[in-house]
Amino acid sequence: GAVVSQHPSWVICKSGTSVKIECRSLDFQATTMFWYRQFPKQSLMLMATSNEGSKATYEQGVEKDKFLINHASLTLSTLTVTSAHPEDSSFYICSAPGQANEQFFGPGTRLTVL
Amino acid sequence: GENVEQHPSTLSVQEGDSAVIKCTYSDSASNYFPWYKQELGKRPQLIIDIRSNVGEKKDQRIAVTLNKTAKHFSLHITETQPEDSAVYFCAASMAGTYKYIFGTGTRLKVLA
C-alpha cells in the first residue's frame with residue numbers, strides 16, 4: 001500500500017525558535033497533502049491543504065504566517081512552525097490522498113516547545 | 001462547512017460484547033465516510049469505510065451502516081476483544097476534495 005513518512009518523529013525546541021516538519025509520499029505522487037494537529041485526548045483538526053506548485057489553503061482560525069507550508073515537489077510537503085510557543089506543542093500529522101478518496105497518514109511528529 | 005458529531009466519547013464493554021459508535025454529519029454533499037482506529041502516539045489506521053451509494057458494509061467483526069436521509073452513520077464491532085481498545089474516529093469527506101472532517105473520537109475500553 002501507499003506509504004507516507006514524516007520527519008522528525010519528535011522534536012523538542014525552545015520557545016521562539018522555528019521547527020520544520022517534512023512529509024513525504026514514498027511510493028506515489030501527491031499533488032495535495034493535508035496537515036492536521038492533534039492535542040492530547042482530542043481529535044485530528046485539519047490545519048491546511050498543501051498544494052504542489054501553489055499556495056496552501058488554510059482552515060479558518062489557522063495563522064498562515066505562523067504555520068508556513070511549502071509543497072515543493074510531488075512527494076514532499078513541509079510545515080514550518082515559526083516562533084514556536086508552548087501552546088504549539090502538539091502531535092502534527094500529515095496525509096496524502098489516494099485515488100479512491102482514502103487518506104494515507106504519516107506516523108506523526110510530536111512537537112514539544114519548552 | 002461540514003461538522004461531524006460523534007457519540008459516545010467513552011465506551012466500556014465486556015469482552016465478547018458488541019460496541020456501537022454513532023456519528024452525524026451536517027453537509028449532505030459528503031459522500032465518503034471512513035472509520036479510523038488510533039492507538040496512543042500512533043497514526044490513525046483505517047478500519048472500514050462506506051460510500052454514500054451503499055447502506056451497509058461488513059468486514060468480519062466490523063460493520064458500518066449509513067443513513068443518508070438522517071445524515072448519520074454508525075460503527076458496529078461485534079465479539080469485542082481487549083485489542084480492540086483504542087480511540088476510534090469517524091470522518092466525512094466529499095469526493096474530489098479529499099478533505100476529511102473528523103468526529104471528536106470515542107475511547108473504547110474492552111474489559112477482559
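Labels below follow one simple rule: chain letters A, B, ... track the order of the sequence lines, proteins then strands, and each chain is numbered from 1. This structure is a prediction, so every number in the text was calculated from the model and none was measured.
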Show the numbers, then the answer: is there a side chain to side chain contact (heavy atoms under 4.5 Å, CB included) between B:Q45 and A:F105?
CA-CA 8 Å; B:Q45 291 184 309; A:F105 285 90; over 6 Å; no
For the pair A:S43 (side chain) and B:G105 (backbone), establish whether a donor and an acceptor sit closer than 3.5 Å, ignoring hydrogens and angles.
no
What distance separates A:M45 CE from B:F102 CZ, expressed to the nearest 0.5 Å?
11.0 Å
Can you confirm whether B:F89 sits close enough to A:L44 that some side-chain heavy atom of one is under 4.5 Å from a side-chain heavy atom of the other?
yes
More than 12 heavy atoms of other residues, nucleotides or ligands under 6.0 Å from CD of A:E87: yes or no?
yes
Do A:N101 and B:P34 have side chains that approach each other closer than 4.5 Å (heavy atoms only, starting at C-beta)?
no
A:Q103 side-chain N/O to B:Y98 backbone N/O, donor-acceptor pair under 3.5 Å
yes
For A:Q99, does the CD atom sit with more than 12 other heavy atoms under 6.0 Å from it, leaving out its own atoms?
no
Is there a side chain to side chain contact (heavy atoms under 4.5 Å, CB included) between A:Q6 and B:R43 once you walk through the steps?
CA-CA 11 Å; A:Q6 272 182 252; B:R43 79 185 85 193; over 6 Å; no
NZ of A:K41 to OG of B:S9, rounded to nearest 0.5 Å, is 11.5 Å
Cluster link A:F91 to A:W10, ILVMFWY, side chain under 4.5 Å
no
Can you confirm whether more than 12 heavy atoms, excluding those of A:K66, are under 6.0 Å from its NZ atom?
yes
Hydrophobic clustering (ILVMFWY, side-chain heavy atoms < 4.5 Å, transitive) - are A:I21 and A:V4 grouped together?
no
Starting from B:L11, can I reach B:V4 by hopping between I/L/V/M/F/W/Y residues whose side chains sit under 4.5 Å apart?
yes
Single-linkage hydrophobic cluster A:W35~A:L111, side-chain heavy atoms < 4.5 angstrom
yes
Would you indicate whether the side-chain heavy atoms of A:I93 and B:Q38 approach each other to under 4.5 Å?
yes
The interface call for A:Q38 against chain B, heavy-atom contacts under 4.5 Å, is side chain
Just how far is it from atom OG1 of A:T57 to atom NZ of B:K99, taken to the nearest 0.5 Å?
8.0 Å
Look at atom CD of B:E79 and say whether more than 12 heavy atoms of other residues, nucleotides or ligands are closer to it than 6.0 Å.
no
Taking every heavy-atom pair that is under 4.5 Å apart, which of A:G108, A:S9, A:A100 has the most such pairs with chain B?
A:A100
Relative to chain B, which segment of A:F104 carries a heavy atom at a distance below 4.5 Å: side chain, backbone, both, or neither?
neither
For A:L114, look at atom CG and say whether over 12 heavy atoms of other residues, nucleotides or ligands are found less than 6.0 Å away.
yes
Look at B:T104, B:I101, B:L46 and state which one has the largest set of heavy-atom pairs under 4.5 Å with chain A.
B:T104
